Protein chains: 2
Amino acid sequence: MDIFSTLQEDKSRLSASESRIAEIVVNDFEFAVNASIIELAERAEVSPPTVTRFCRRLGCESFSDFKVQLARTAHVGVRYLKPESKSHAPSDVAQDIITKAQNALFLLHRSLDLTAIEAAVAQIARAEMIYAFGSGGNSSMIADELQNRLFRLGLRATSSSDHSMQLMMAAAAKPGDVIIGSSFSGRNAELVRAFALAREGKVRTIALTQTDSPVASAAEIVVPIDLPEGTNIYRPTSTRIAYIATVDILASLVAYAIQPKALTTLRRIKQQLVAHRDGDDDKQLLGD
Amino acid sequence: MDIFSTLQEDKSRLSASESRIAEIVVNDFEFAVNASIIELAERAEVSPPTVTRFCRRLGCESFSDFKVQLARTAHVGVRYLKPESKSHAPSDVAQDIITKAQNALFLLHRSLDLTAIEAAVAQIARAEMIYAFGSGGNSSMIADELQNRLFRLGLRATSSSDHSMQLMMAAAAKPGDVIIGSSFSGRNAELVRAFALAREGKVRTIALTQTDSPVASAAEIVVPIDLPEGTNIYRPTSTRIAYIATVDILASLVAYAIQPKALTTLRRIKQQLVAHRDGDDDKQLLGD
DNA sequence: GGTTCCTGCAAATTATTTTCTTGATAAGTT
DNA sequence: AACTTATCAAGAAAATAATTTGCAGGAACC
């Protein structure tokens, strides 16, 4: 557990003086990690012992322990509390995008539903055939990615971003097959329809989407991905990164679940690639 | 600058005693961030003042400053020095993937070539037509992603993962057009050929790939993405994430470069989407 | 009115840094 | 070649600063 979550959760249990300390820590993180207990106490207009007690209440051993914990999580965690930079200079834009991406991963980690993931992995690992659905540029990439990752494991997988094809495939799928649908917004009505159709035919359905969304309610297993999307319309990235990481987690776990099969297939794909290109370099990746 | 880079670089300037401290810091990071100066000194078999001097040499104000800086970067930075967890438990796998992804972003940020990026952005922003090339599952995703991001800005863009098509498109492209090729390995011979063909016809070429690779030498502008790929064959993710972030940075900068045009196009795409789905929710993303 | 909890003061403890000194190494000099 | 001198690393001890503990006053809440 990190300090910031604890701060959020234990906010009510803090006394007036302690809240004042908390506020400074959240608002001026730079100051807080560099300050001594005395400086922090002065700025919050409390005594040093109060700061120590504050740290203890948050589950830290001591003030220095608190500072270290703060520095550790805040590197990733605190930035989403800060207003984004308004500059369009390349270095700022790059920094901003990378920070947001890291935050997305940080938030993803904290909100991961491992139970749902395990359930999804179990279904995928034993599926006869896997259909990955997603549309609209972002989710279609995720669908392709799912197929890309799963076929390498020796599983039968296909993907489609075409609504009509999705419906037809859902209708054609058999019990024992699995449909994985991705929707960033959770409001892809056609995907909902495909899920409904699939469930009628006893086909397993897995959704990668927002909780409490139409797509989520339509699927049997929901792997929830809930992230605040920034308001800047130019930059929908961070969510995308969280989805990719989730696909990666799913694919890795499936790989472990079906170990021997996956290993052979991967080896064969790799041999094929190496033979096809230059033979002297084994370091290249599987599939560029 | 973070402590770990400094440690790497100043390694030669450290004395014997200081190197012993450095070794402990790198190998047992957990101990180092939690220890007091006395504990650290004892373990390295040096005196406390030597530890203070060590911190100063690394550019820190004091020992506590050192600890804070260490904690800040290490959260992201140190883990790639450590052997990866061998457990296949879902939580460990998830943690591992997310950490690696964050590391990839961290490393990306430190190795970004902003000059190359600016040059690429300038070319893309004024291109008549943009061709995004990439093959093999990973890079083909990046090519699609480039198209996906750029067409939304009102630019003319297409993508292809088909080697033959790439060659034909490269031959058909005109001066004023831009070809962006992605290759994780840098050893995609067909892409090299397409680049050569394009350059004959005065078409601008941009490569997203490893430095000092065949693909890199074939392109006019190289946006280098150099990351150590983990050895685990199941998990090629982290590089992918760095590529996606890079595409995002490029696309965002292009968007800013051509502001008014991009804004109108985005607005029209959004209207189209909202009209097509349910009208009551403006929060949905551009393209799922 | 009693209990509980917050808070600050002052003292005690602990940690950290500074200063000073010693010893080692290397370059220069006779 | 032997001696001198400069430079620097490193520890001891002292000084300083930071942090914590114990205690007591006071406020708020039964």
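Note that the coordinates shown come from a computational prediction; the quantities given were computed from them, not determined experimentally. Numbers restart at 1 for each chain; the letters A, B, ... are given by sequence-line order, proteins then strands.
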d(CD1, I21(A); P, dT19(D)) in whole Å: 13 Å
Please work out if V51(B) contacts a base, only the sugar-phosphate, or nothing of the nucleic acid, heavy-atom cut-off 4.0 Å. nothing
Round to the nearest Å and state the distance from I38(B) atom CD1 to dA18(D) atom P. 16 Å
Here's a test of your reading of the structure: between P49(A) and E39(A), which maps to the more 5' nucleotide of DNA chain D? E39(A)
Ignoring backbone atoms, establish whether R56(B) has a side-chain N or O less than 4.0 Å from OP1 or OP2 of dT16(C). no
Does some side-chain heavy atom of L40(A) sit less than 4.5 Å from a side-chain heavy atom of V46(A)? no
Of all the choices, dA9(D), dT7(C), dT17(C), which nucleotide is nearest to the side chain of T52(B) once you look at every atom? dT17(C)
Tell me whether the OP1 or OP2 atom of dT14(C) has a side-chain N or O from S36(B) closer than 4.0 Å. no
To the nearest angstrom, how far is I37(A) atom CD1 from dC9(C) atom C1'? 15 Å
Looking at the side chain of R53(A), which of dC6(C), dG8(C), dT21(D) is the nearest nucleotide? dG8(C)
What's the closest nucleotide to the S47(B) side chain, out of dT17(C), dT7(C), dG11(D)? dG11(D)
Would you say D226(B) and L107(B) make side-chain contact, with heavy atoms under 4.5 Å? no
Evaluate the side-chain proximity of I142(B) to F184(B): yes if any heavy-atom separation is below 4.5 Å, no if none is. yes
How many whole angstroms separate atom CG of D65(A) from atom P of dA15(C)? 14 Å
Mind checking if S62(B) touches a base, just sugar-phosphate, or nothing, with heavy atoms under 4.0 Å? sugar-phosphate
Any chance you could measure T209(B), atom OG1, to I225(B), atom CD1, to the nearest 0.5 Å? 8.0 Å
Separation of F63(A) atom CZ from dA17(D) atom C1', in whole Å? 14 Å
Can you tell me which nucleotide in dT19(D), dT7(C), dG11(D) comes closest to the side chain of E18(A)? dT7(C)
F54(B) CZ to dA9(D) C1', straight-line distance once rounded to whole Å: 15 Å
How close or far is atom P of dC5(C) from atom CG of L14(A), stated in whole angstroms? 15 Å
Determine whether R56(A) and E61(A) make a side-chain contact, defined as any pair of heavy atoms from C-beta on separated by less than 4.5 Å. no
Report yes if a side-chain nitrogen or oxygen of S15(A) is closer than 4.0 Å to either non-bridging phosphate oxygen (OP1 or OP2) of dT7(C); otherwise report no. yes
So, OP1 or OP2 of dA9(D): does either fall under 4.0 Å of a side-chain N or O from R57(B)? yes
Taking only side-chain nitrogens and oxygens of T50(A), does any of them come within less than 4.0 Å of OP1 or OP2 of dG8(C)? yes
Mind calculating the distance between CD (E42(A)) and P (dC9(C)) to the nearest angstrom? 12 Å
